[in-house]
Amino acid sequence: AQTVTQSQPEMSVQEAETVTLSCTYDTSENNYYLFWYKQPPSRQMILVIRQEAYKQQNATENRFSVNFQKAAKSFSLKISDSQLGDTAMYFCASPDAGGTSYGKLTFGQGTILTVHP
Amino acid sequence: EPEVTQTPSHQVTQMGQEVILRCVPISNHLYFYWYRQILGQKVEFLVSFYNNEISEKSEIFDDQFSVERPDGSNFTLKIRSTKLEDSAMYFCASSPQKLGNSPLHFGNGTRLTVT
């Protein structure tokens, strides 16, 4: 079964500083995407960033970037210049798209990030 | 930007009652999903739907659950006889392609409370 592990249940950071959220995953796929979703208190699921596994270059989206280590199956999220609005639960997700599956996302347990003023 | 819309945003029902959660996926998407999140826990896959049939379902998706795409735009999740443990946030999602090649677009969720 697909597993996604986020080892940090909670993190905190001062406004304007940088924080890194870790994630490891397990997949038998060779070509896949990985995702980070943000869930603010409103409980919406908002896509933050995605990484294509066949691309060596780490994905970047404004203040958000990833450190993707394919061999280690590690996919961490770096948030630079943290803002109060970044306070949320962050989920790492990996698709289980093997065989006849049309794909389902397996989510990690989530990391609660609190940005302090 | 097109969105996945879900109604209602909050549904309260009594144990044993049937509920139908409604979703309108993004119009050119072909793959549809339901996920749920019990408060404080991670998001869990329930079911995927493609070409007018269920393509995959999880252990959670037992005989009490069913999905339907009755009219080519709506995508519904029915729970026949709700239990207290069905209380959760239910997310509908859609994707234009098989998930490995594109992200899921989530709706804002329906909070189901079973009393």
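Keep in mind the model is a prediction, meaning the values are calculated, not measured. The sequence lines fix the lettering, A, B, ..., with proteins before strands; numbering per chain opens at 1.
Proximity to chain A (any heavy atom under 4.5 Å) is shown, for B/L39, by both the backbone and the side chain.
Pairs engaging residues 40-64 of chain A under the ring pair (Phe, Tyr, Trp, His ring centres under 6.0 Å) rule: none recorded [sequence neighbours left out].
Annotation: A/F91 is not in aromatic contact with A/F35 [ring centroid separation under 6.0 Å not met]. Note: A/Y90 and A/Y37 fail the aromatic proximity criterion, with ring centroids not under 6.0 Å apart. Within the 6.0 Å centre-distance limit, the rings of B/Y35 and B/F45 are counted as a close aromatic pair.
Applying a 4.5 Å heavy-atom cutoff, none of the residues of residues 7-24 of chain B approach chain A. Annotation: residues 78-86 of chain A contacts chain B through no residue [non-hydrogen atoms, separation under 4.5 Å].
Judged as a side-chain contact (heavy atoms from CB on, under 4.5 Å), and not counting sequence neighbours, the contacts of B/D71 are B/S73, B/N74.
The candidate with the highest count of non-hydrogen atom pairs below 4.5 Å against chain A, out of B/H105, B/E44, B/R111, is B/R111. Comparing A/M89, A/Q6, A/Q39, A/E52 by heavy-atom pairs within less than 4.5 Å of chain B, the highest count is held by A/Q39.
Considering every non-hydrogen atom in both B/Q6 and B/N108, the closest pair reads OE1-N, 3.8 Å.
Checked by atom type and distance alone, the side chain of B/R80 pairs as donor or acceptor with a backbone atom of B/D63 at under 3.5 Å. Counting only distance, with no hydrogens or angles, the side chain of A/T5 and the backbone of A/S7 share no donor-acceptor pair below 3.5 Å. With A/W36 contributing its side chain and A/F75 its backbone, the two residues share a donor-acceptor pair below 3.5 Å.
Atom-to-atom distance recorded for A/Y25:OH and A/C92:SG is 9.0 Å, nearest 0.5 angstrom.
In the displayed structure, B/E59 atom CD is contacted under 6.0 Å by at most 12 heavy atoms of other residues, nucleotides or ligands.
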